[in-house]
Asks: 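My questions will all concern the structure given below.
Naming convention: chains lettered A, B, ... in sequence-line order (proteins, then strands); numbering from 1 in each chain. Since this is a predicted model, take the numbers as computed values, not measurements.
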Amino acid sequence: MPLEGLQDPLRFSRKAPPCAVVIYGANGDLTKRKLMPALYRLAFEGRLAPGFAVIGVSRTAMSDDDFRDRMKHSVKKYLEDSPFDENLWLSFAKGLTYIAGDVGQPSSYGELAKHLEGVAAERQTGGNVLFYLSTQPSQYAQIAEGLGSVDLNTPPEGNSDAWRRIVIEKPFGHDLKSAGELNTRLQAVFRESDIYRIDHYLGKETVQNIMAFRFGNGIFEPLWNRTYVDHVQITAAESIGVEGRGAYYQEAGALRDMIQNHLLQVMATVSMEPASSFTSDAVRDERAKLLRAIRIMRPDQVAANSVAGQYGPGRSGSEQVPGFRQETGVDPQSHTDTYAAVTFLVDNWRWSGVPFYIRTGKALPKRVTEIAIQFRTAPLAMFRKATAGAEALPNVLILRIQPEEGISLRFASKRPGSGMQIRPVSMDFNYGSSFGERSPSAYETLLLDAITGDATLYTRQDMVEASWTAVQPILDYWSTQKFDFPNYAAGSWGPAASDEMLARWGHEWRRP
Amino acid sequence: MSCEVIKPDRILQQLAELWKDTARPEADADGDGLLRACAMTLVSFVDDEEDAMALGETLALLMREHPSRSIVVRLREGEDFLESRVFAQCWKPFGHRQQICCEQVEISATMNHLQDVAAVVGPLAVPDLPRLILLRSARIVRAGALRKILRLGDKIIVDSSLPGAPGFGELGALLESGHIAGDLAWTRITELRALIAQVIGDRVPKNIIIEYEGREAGAETRYLEAWLASGLPDTVVRLKGSGGQGTGVPAVVRVDDEITICLTPECAEIEIGQLKQHAPLAVGSADELLNAELKIVVHDEIFERVLNRITA
Ligand SMILES: NC(=O)c1ccc[n+]([C@@H]2O[C@H](COP(=O)([O-])OP(=O)(O)OC[C@H]3O[C@@H](n4cnc5c(N)ncnc54)[C@H](OP(=O)(O)O)[C@@H]3O)[C@@H](O)[C@H]2O)c1
């Protein structure tokens with residue numbers, strides 16, 4: 001712990017304590033694109049301790065210098081809105097080392113342990129280690145067990161202040177059962193409080209801003225319940241198809257890839273109860289409670305409350321694009337959902353009877369992620385005669401997550417002139433125009449959180465299992481269906497069945 | 001020499017006209033609209049001799065992070081003079097189509113109009129948003145008019161390292177009268193302080209020596225000394241000047257025999273035993289420093305504690 005007398009929380013940005021980060025899968029895509037640029041950027045901002053170290057592990061044989069060269073190339077290529085500083089890189093790169101090893105080889109863990117001892121002495125990392133598993137998910141448990149076999153899961157003897165943490169990337173299992181098995185195996189080695197399950201959506205500034213918006217303002221929260229909210233729509237649309245990631249994607253599908261994790265976490269953030277404090281467990285307890293309150297569908301309710309879709313050939317803007325089954329690496333008979341929409345109900349006092357519609361898809365008309373909270377209409381249609389019913393347009397509060405982060409509120413206003421003509425207008429808050437500062441990437445935020453031991457934005461085991469529980473009946477039902485895919489054209493807003501799902505409640509999807 | 005009657009209502013009306021004009025379809029050629037952004041009122045008092053272009057650039061950069069209604073008051077000696085003009089400062093953030101615009105009011109006045117200026121600036125402040133005053137005018141300090149303008153702001157920002165600027169004494173008086181004050185000389189050492197805190201970690205040093213260039217320690221060095229001494233009551237903190245010419249800013253910080261931090265304007269070379277590391281230190285350009293200071297509109301306990309230690 002740094003000395004209390006030298007702290008200045010009002011002015012100092014958060015700094016990482018000395019530590020080593022071990023990346024399993026250091027030769028992979030995620031390391032190149034996200035992890036290393038995020039670590040470099042943290043160094044650029046002076047957030048990392050002077051002796052910070054990274055140890056890369058994968059099978060490919062390479063020297064420390066080869067690894068440094070590759071990482072330099074990736075950082076330069078993928079560093080977003082930041083300059084590359086050659087001097088800083090030289091200093092940062094001194095802390096990078098590499099071990100070639102197969103996670104299936106028991107001896108590799110002993111080698112790592114020895115290497116870490118050397119790093120701790122040379123770089124003064126204080127014995128603190130963050131293990132980051134960026135390999136195939138099927139290897140997570142094996143790696144954790146391997147680390148445990150050489151006692152890397154606990155601090156070295158006589159150094160009880162040191163910490164050991166493990167970060168794993170999604171997916172956390174591919175269904176409820178496998179998620180449970182993974183958790184059991186991980187927890188046999190690491191304490192739950194040392195397991196950090198990363199959901200990069202929760203690291204996005206604007207998702208965090210939902211909490212600031214809800215709980216930092218006095219005026220919205222009183223309206224945030226079944227009395228005033230008619231329904232909620234959460235949309236995460238991608239304009240591109242699977243573009244080369246077809247092979248991976250067809251194992252997952254939209255429901256598993258987006259809704260089970262990211263979008264249910266977003267829904268929980270929008271609808272959870274206020275936490276008693278902004279501490280990691282208090283916030284996560286509330287998220288978990290909300291996820292557990294989601295009504296579990298009976299098999300006979302699934303068809304009416306969920307829609308699977310797959311895109312066929314179509315037009316994206318002015319370009320003709322292939323259908324999913326025509327993408328490279330994809331089975332021409334594939335039954336994978338590239339679109340999923342679900343109606344969730346939350347059985348708690350606040351939200352009883354309010355539908356939460358979630359949709360996500362590939363090859364939709366535009367890239368947009370937003371949450372729309374539609375309020376009930378005014379109780380008395382006072383201006384109906386003069387405006388042909390236009391005032392019946394409800395207020396909608398839109399929390400925009402990407403691409404233009406912000407918040408807008410639609411409300412009715414009188415048109416200038418005589419007579420009571422009402423027109424909807426929008427009041428806009430644009431994140432970028434009120435704060436010109438650069439927003440840290442989700443990985444910068446989350447890596448720094450893990451190094452400083454703040455798990456608020458990480459997913460806990462009970463949250464993972466609660467969200468699998470919510471989607472499992474849909475997965476089970478879908479696995480028995482023979483869908484008539486493709487059922488939407490690339491560049492359209494998804495299958496007609498999705499509109500019908502909302503129409504049954506008297507609602508319709510927004511066109512974001 | 002012109003001496004117009006300036007009234008807050010007229011300036012506010014001019015601002016309203018300005019927005020209508022700026023948003024006209026002819027002015028907004030791309031048709032993507034513009035956004036009027038405002039998160040505070042920033043009043044800058046400067047002496048007329050100050051480089052108008054440099055100040056304009058600093059304020060323009062600042063607006064991107066702190067969109068404001070910016071009021072620049074240029075003060076001069078000499079014949080009776082009072083004039084105002086309004087204009088908009090617009091920019092298009094990278095990758096965005098919509099322009100963002102902030103409004104600026106510039107008032108030029110001779111010192112005999114200081115009273116009028118205060119009467120105009122007060123009502124021009126945007127209601128319900130923080131009002132910050134950047135005090136760069138040595139003239140105001142010399143004229144003893146500091147108190148007159150204090151009432152206009154929630155926070156007063158000075159740079160005590162500039163010649164003629166309010167010094168520790170005036171800053172102490174500001175604090176005593178209950179104001180929120182900021183000093184860019186203190187802001188300038190934020191990154192260095194954070195680095196020192198990080199590098200020291202959980203050790204309690206016996207001795208810290210701050211070496212500086214020159215005969216006399218500058219404001220930054222004195223702040224650093226007072227901060228370390230107040231945060232580490234069991235540590236002996238000493239200053240050591242190189243003698244001769246020099247700006248008085250910190251050059252090397254030595255913590256016992258274990259840690260040396262050598263400072264250059266943009267970075268620090270750190271040695272902890274055998275470990276050598278290079279760390280970037282934010283350059284602290286005028287806009288970056290102000291930017292950091294504008295973020296804080298509450299009493300800064302640590303700054304106040306350190307300043308009290310210096311002025312005690
Ligand atoms: N890429 C993304 O944007 C993204 C986004 C969200 C989540 N994720 C998750 O992050 C994880 C990593 O994704 P990725 O895209 O980086 O995968 P990837 O490109 O396939 O990288 C995995 C790396 O692990 C190494 N590896 C494979 N088998 C190994 C073994 N037996 N022993 C040691 N190393 C082995 C491989 O390098 P060698 O060939 O040198 O061994 C490979 O480069 C996955 O779980 C994925 O689901 C990725």
Asks: Using side-chain heavy atoms (C-beta onward) and a distance below 4.5 Å, is A:R14 in contact with A:R47?
Replies: yes

Asks: Highest number of heavy-atom pairs under 4.5 Å with chain A: which of B:G231, B:S230, B:C267, B:C38?
Replies: B:G231

Asks: I need the residue from A:P50, A:G5, A:G126 with the largest number of non-hydrogen atom pairs under 4.5 Å to chain B.
Replies: A:P50

Asks: Between B:E293 and chain A, which part of the residue has a heavy atom less than 4.5 Å away: side chain, backbone, both or neither?
Replies: side chain

Asks: Does A:E122 form a side chain to side chain contact (heavy atoms under 4.5 Å, CB included) with B:Q274? I'd like the steps, not just the answer.
Replies: CA-CA 8 Å; A:E122 193 184 315; B:Q274 298 296 309; over 6 Å; no

Asks: Can you tell which part of A:L48 gets under 4.5 Å to a heavy atom of chain B, answering side chain, backbone, both or neither?
Replies: backbone

Asks: If we define contacts as heavy-atom pairs under 4.5 Å, which of B:I200, B:I196, B:T187, B:I272 has the most with chain A?
Replies: B:I272

Asks: With a 4.5 Å limit on heavy-atom distance, are the side chains of A:Y40 and A:L88 in contact?
Replies: yes

Asks: With a 4.5 angstrom heavy-atom cut-off, which part of A:F52 approaches chain B: side chain, backbone, both or neither?
Replies: neither

Asks: Between A:E405 and A:K204, is the closest basic N to carboxylate O distance under 4.0 Å?
Replies: no

Asks: For residues A:L3 and B:D202, report the shortest heavy-atom separation together with the two atoms involved.
Replies: CD2-O, 3.7 Å

